[in-house]
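Take a look at the structure below.
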Amino acid sequence: MSSKKESNTAKTKSPEVKKPDGKLPGKGDHIFLVDGSGYIFRAYHALPPLTRKSDGLPVGAVSGFCNMLYKLLQDTKDEFEPTHLAVIFDHSGKSFRNELYADYKAHRPPAPEDLVPQFALIRDAVRAFDVPSIEMEGFEADDLIATYACQAAANGARVTIVSSDKDLMQLVNGNIDMLDTMKLKAIGPAEVEEKFGVGPDKVVDVQALAGDSVDNVPGVPGIGIKTAALLINEYGDLDTLLERAGEIKQKKRRENLIEFADQARISRDLVRLKQDVPVTVGLEEMDIKTPDPVKLIGFLKDMEFTTLTKRVASELGVEADEVPAAGEHPADAPVIVEAKGPTERGGAPGAVSPSVEAPIDPDAYETVTEPGALKAWLKEAKDQGFMALDTETDSLDAMAARLVGVSIATRPGKACYIPLQHGSGEGLDFDGNGTPEQISLDEALGLLKPVLEDPAVLKIGQNLKYDLQVLKRHGIDVAPIDDTMLMSYALDAGLHGHGMDELSKLHLGHEPIPFKEIAGSGKSQITFDQVPIPKATRYAAEDADVTLRLYMILKPRLVAEKKITVYETLERPLVPVLVDMEHEGVKIDRQVLSRLSGEFSQKMGAYEEEIYELAGEEFNIGSPKQLGEILYDKKGLSGGRKTKTGAWSTDAAALEELAAQGHELPQRILDWRGLSKLKSTYTDALPEYINKETGRVHTSYSMASTTTGRLASSEPNLQNIPVRTEDGRRIRTAFIAEKGMKLISADYSQIELRLVAHIAGVKELKDAFADGLDIHAMTASEIFNVPIKGMEPSVRRRAKAINFGIIYGISAFGLANQLGISRSEAGDYIDLYFKRFPGIRDYMESTKESAHKNGFVETIFGRKIHLPEINSKNGARRSFMERAAINAPIQGSAADIIRRAMIHMAGALSRVDLKARMLLQVHDELIFEAPEKETEKTCKLVCDVMSKAAEPAIALSVPLDVEANAADNWDEAH
DNA sequence: GTGTGGCA
DNA sequence: TGCCACAC
């Protein structure tokens with residue numbers, strides 16, 4: 001141990017002090033386990049908000065944490081002679097306790113916005129101190145601490161838990177104590193007894209009875225810590241107490257103990273810490289090491305903690321000025337430290353600070369063809385904790401694409417391309433020596449996998465969902481990730497698109513090499529594996545380089561513009577969820593579709609004959625131009641409208657008008673059109689999308705193509721499968737469950753109207769939803785002043801149209817069209833509606849006003865939707881944007897809620913061990929495939945997760961009702 | 001109001 | 001490219 005002390009005062013870094021000695025703590029050793037999460041919150045709340053001077057990055061909690069950790073290391077050194085130390089964090093997301101009790105910690109508000117980005121920085125700080133930073137998915141820090149404490153104590157070591165969390169007091173015994181560094185107070189068995197009225201071994205029983213409002217542990221009503229201690233001291237333990245509860249004299253207390261016995265037992269399971277977590281980091285890895293001065297001081301300097309930097313430097317005997325600022329944060333973010341202006345350039349010589357502005361030069365990229373070279377790139381990524389990543393494939397279909405190559409960027413301007421399957425096509429010979437030189441696919445994947453799956457290496461990409469999909473099919477589960485496309489979306493939805501080329505031009509002023517230029521276009525287009533490797537390197541490595549540069553611009557903006565929570569809660573975590581859904585696909589019955597297709601063509605043939613007969617000639621029914629001429633010019637039907645291009649309008653509304661006049665031809669055209677659409681778009685097109693390997697259809701969801709936050713589905717679009725007409729619904733019967741499985745469809749009832757009630761604060765609507773009333777009938781009754789009982793269906797229909805109109809930012813014009821009434825009549829309806837629900841008019845007016853003033857609106861979760869043309873001089877255009885402004889918070893909030901539900905769902909299902917897979921999302925509906933035997937349980941869980949999806953971020957003033965049904969096909973389940 | 005896709 | 005039709 002004395003040698004340790006010497007190394008603690010070593011003057012410079014040397015190889016041996018960095019090397020862990022790997023000694024397992026035993027007799028005579030003293031291990032310190034720091035409750036990192038507790039530390040973070042105390043640091044955050046105890047200190048005034050502090051931001052980094054150069055760029056405003058919030059670093060208050062980081063500063064407090066570093067000071068505490070440093071002080072701990074200093075203060076304890078002489079007093080306790082610690083030999084081992086680790087900092088243990090909660091893993092984000094839920095723990096196994098939510099499985100026991102869904103509401104566990106449900107009252108916890110989300111972390112403050114300016115604290116969120118500091119979590120990763122604090123983990124970096126721990127690493128900079130060369131202290132192990134430990135966390136595990138599914139477990140809380142307390143359980144890890146309990147496991148390590150017991151292991152070490154069993155081995156004869158002394159243990160000190162650095163925390164003031166009362167939940168950890170159950171662990172205290174002769175070998176284990178606690179230290180509250182804030183109050184500089186040691187907590188031993190006596191202190192525990194003072195707090196709980198019982199010894200540490202009975203703390204769990206007392207907590208089980210008393211409950212905990214902070215963690216939402218239910219306990220037994222009417223029993224606090226005092227009473228609980230009294231009872232436990234009298235009866236010995238919880239089980240005996242509950243068995244003999246009948247003996248208790250006080251009536252209410254007796255009744256509650258009997259009624260809530262099970263709840264007390266669940267509470268005990270919640271508070272009892274797990275001591276057998278399958279930890280992956282061993283105690284021997286916690287031996288105290290002297291930090292590497294370059295790493296530690298580099299980090300502190302980068303954070304701009306001047307005082308602490310000086311203190312640490314003098315302690316380590318290093319000149320702080322000689323150490324460059326880290327310039328980036330391992331495992332999290334290469335944050336730009338330098339200022340933008342050219343005058344700020346030319347800092348300390350040798351300081352390597354990545355610059356987004358260094359010119360982009362495709363000739364500078366490296367082609368990696370040797371395993372050794374790949375290893376070097378990956379080592380750099382691992383050492384710095386991040387890399388930009390891009391994959392090249394031979395197809396745009398992620399479920400069919402072959403991986404052709406991978407590109408990596410580690411710094412702006414420093415990027416490489418690793419060709420993997422070039423030239424495998426026939427007759428290709430790029431260098432005249434047979435196939436191109438490249439690392440074999442298997443060897444490259446073997447090298448890439450540990451880094452791409454390393455939780456300490458951040459993978460940065462542009463639309464990474466695609467790359468994740470491809471790599472998943474090659475056995476690699478990439479994590480953690482950051483996505484520049486989604487960052488741009490969280491920041492700038494509505495302002496512009498979020499594709500790489502567009503972002504590059506916009507933010508970097510650089511136009512990336514167009515794909516066309518290397519692969520050609522049209523008929524002569526080649527796939528990427530056929531592109532000569534030098535050309536491929538220029539293109540592929542540039543994409544990784546550009547992505548990294550975009551990241552360095554967009555990531556700080558998320559913090560500065562307070563969109564980090566939107567990104568972290570609604571964008572980033574959805575990526576792996578969608579990867580799984582797309583990967584899973586949905587089963588489609590080919591026979592059903594082909595039968596329908598035949599049936600539809602037969603019917604269409606019959607209609608065609610009839611149509612030609614009525615028209616007096618044969619023509620292309622599918623051509624609006626020809627059709628208009630036949631109907632209006634030839635047949636001379638009246639009342640035709642012209643489109644803005646001057647052609648006759650032949651849309652459904654126009655044809656329906658003609659049909660209503662008693663003409664037969666337009667009705668037949670409508671019938672024909674309906675079938676034609678069903679046949680071409682669905683029955684004929686869908687089978688083409690059945691994947692050869694999986695036999696299922698894998699749609700692709702785009703996360704950043706709507707302005708409001710909705711997803712969009714394409715190739716094929718499974719969000720517009722017919723449901724309205726009988727013929728259309730038959731297409732849904734082709735979507736089926738695997739044998740032994742069922743499809744479950746769960747949808748939100750009236751979610752957008754509920755959000756209107758919540759956002760606009762309309763009491764009558766909120767009450768109606770709370771009471772489960774028929775909302776359209778209720779609206780009709782209110783505005784037309786008729787009783788709900790015995791209401792005419794047409795009256796309810798009108799109210800329903802108005803309700804929809806509200807969601808869309810109603811205009812008299814639109815409502816008139818919808819209901820087939822005059823504009824003035826529609827205007828009267830709207831007036832009536834607003835008179836009855838003035839809150840909605842107020843909401844619309846204030847939304848428009850703020851949209852005009854700010855140029856954007858927001859959802860209830862803070863998602864921003866920009867409306868750059870809201871102040872357009874063109875009146876029609878402006879009105880259009882105003883309606884979009886009214887609709888966006890409603891549609892967008894609903895989209896946010898279902899995104900949250902999807903993100904929560906994956907964990908919720910696996911926690912209770914249900915095998916169901918989420919397959920599809922259709923805006924307010926989620927479709928699952930579940931084992932027949934689990935359908936009931938799955939329906940319940942799905943409804944539960946969906947209806948609570950807004951919590952705990954938002955407390956909605958309306959309930960979110962969800963309906964779920966199971967069946968063999970989608971039509972019956974819906 | 002928000003999308004995707006087929007067709008001329 | 002515009003029109004039309006399907007979904008929520």
Side-chain angles (χ1 to χ4, degrees), chain A residues 493-494 619-629 641-656 669-686 688-689 699-725 727-729 731-732 745 747-753 755-756 803-811 813-815 817-818 844 847 857 859 865 867 879-895 897-898 920-927 970 974:
Chain A
F619 66 102
N620 186 342
I621 308 171
S623 160
K625 183 164 163 282
Q626 291 184 33
L627 177 62
E629 283 161 11
R641 289 175 286 115
K642 294 274 181 107
T643 65
K644 57 182 164 192
T645 48
W648 289 108
S649 170
T650 65
D651 64 14
L655 296 182
E656 272 160 20
I669 306 267
L670 281 168
D671 297 338
W672 181 91
R673 263 195 195 161
L675 290 174
S676 160
K677 163 83 180 174
L678 292 178
K679 184 166 146 54
S680 66
T681 316
Y682 303 107
T683 60
D684 290 354
L686 277 176
E688 300 295 313
Y689 287 103
T699 183
S700 169
Y701 288 101
S702 120
M703 292 180 66
S705 67
T706 70
T707 49
T708 54
R710 270 193 181 181
L711 299 181
S713 154
S714 65
E715 292 171 86
N717 181 358
L718 297 184
Q719 290 181 322
N720 70 342
I721 304 300
V723 71
R724 248 183 49 250
T725 64
D727 275 336
R729 271 214 307 281
I731 291 167
R732 291 196 175 215
S745 158
D747 68 307
Y748 284 109
S749 148
Q750 305 285 359
I751 187 168
E752 294 192 346
L753 216 44
L755 286 168
V756 171
N803 278 334
F804 269 96
I806 295 300
I807 294 167
Y808 297 158
I810 207 152
S811 72
F813 178 80
L815 185 62
N817 265 342
Q818 183 66 38
M844 292 184 162
T847 303
V857 292
T859 68
I865 295 118
L867 300 148
S879 297
F880 179 79
M881 296 314 295
E882 284 173 351
R883 290 195 290 277
I886 291 166
N887 171 260
I890 303 165
Q891 190 182 111
S893 299
I897 286 174
I898 198 161
L920 302 174
Q921 189 250 43
V922 192
H923 309 311
D924 66 355
E925 175 187 16
L926 293 173
I927 289 115
W970 191 6
H974 186 70

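Order of the sequence lines fixes the chain letters, A, B, ..., with proteins taken first and strands second; residue numbering starts at 1 for each chain.
A/Ala894 pairs by the side-chain contact (heavy atoms from CB on, under 4.5 Å) definition with A/Ile751, A/Glu752, A/Leu755, not counting sequence neighbours. Judged as a side-chain hydrogen bond (donor to acceptor under 3.5 Å, both in side chains), and not counting sequence neighbours, the contacts of A/Thr706 are A/Tyr489. With sequence neighbours excluded, the residues satisfying side-chain hydrogen bond (donor to acceptor under 3.5 Å, both in side chains) with A/Asn887 are A/Gln891. Every side-chain contact (heavy atoms from CB on, under 4.5 Å) that A/Leu718 has, sequence neighbours left out, goes to A/Val586, A/Leu686, A/Val697, A/Thr699, A/Ser713, A/Pro716, A/Ile721, A/Phe735, A/Leu920. Every side-chain hydrogen bond (donor to acceptor under 3.5 Å, both in side chains) that A/Ser745 has, sequence neighbours left out, goes to A/Glu925. By the salt bridge (Lys or Arg N to Asp or Glu O under 4.0 Å) test, A/Lys679 pairs with A/Asp684, sequence neighbours left out. Taking A/Ser705 as the reference, A/Ser702 meet the side-chain hydrogen bond (donor to acceptor under 3.5 Å, both in side chains) condition, with sequence neighbours excluded. In this view, A/Asp671 and A/Arg668 satisfy the salt bridge (Lys or Arg N to Asp or Glu O under 4.0 Å) rule, not counting sequence neighbours. Under the rule for a side-chain contact (heavy atoms from CB on, under 4.5 Å), the partners of A/Gln750 that lie at least two apart in sequence or sit in another chain are A/Leu753, A/Arg754, A/Phe769, A/Ile775, A/His776.
Near-neighbour residues of DNA chain B inside residues 699-708 of chain A, defined by a heavy atom below 4.0 Å, number-ordered: A/Ser705, A/Thr706, A/Thr707.
Extent of DNA chain B lying under 4.0 Å from chain A heavy atoms, first and last nucleotide in 5' to 3' order, is B/dG1 to B/dA8.
Residue contacts for A/Phe804: at a heavy-atom cut-off of 4.0 Å it reaches no nucleic acid atom on any strand shown.
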Quiz item: Once each nucleotide of nucleotides 3-8 of chain C is scored for protein heavy atoms under 4.0 Å, what B/S/- sequence comes out, 5' to 3'?
Solution: SSBBSB

Exercise. Apply side chain to side chain contact (heavy atoms under 4.5 Å, CB included) to A/Tyr808 and A/Arg883, showing your working.
Key: CA-CA 6 Å; A/Tyr808 297 158; A/Arg883 290 195 290 277; over 6 Å; no

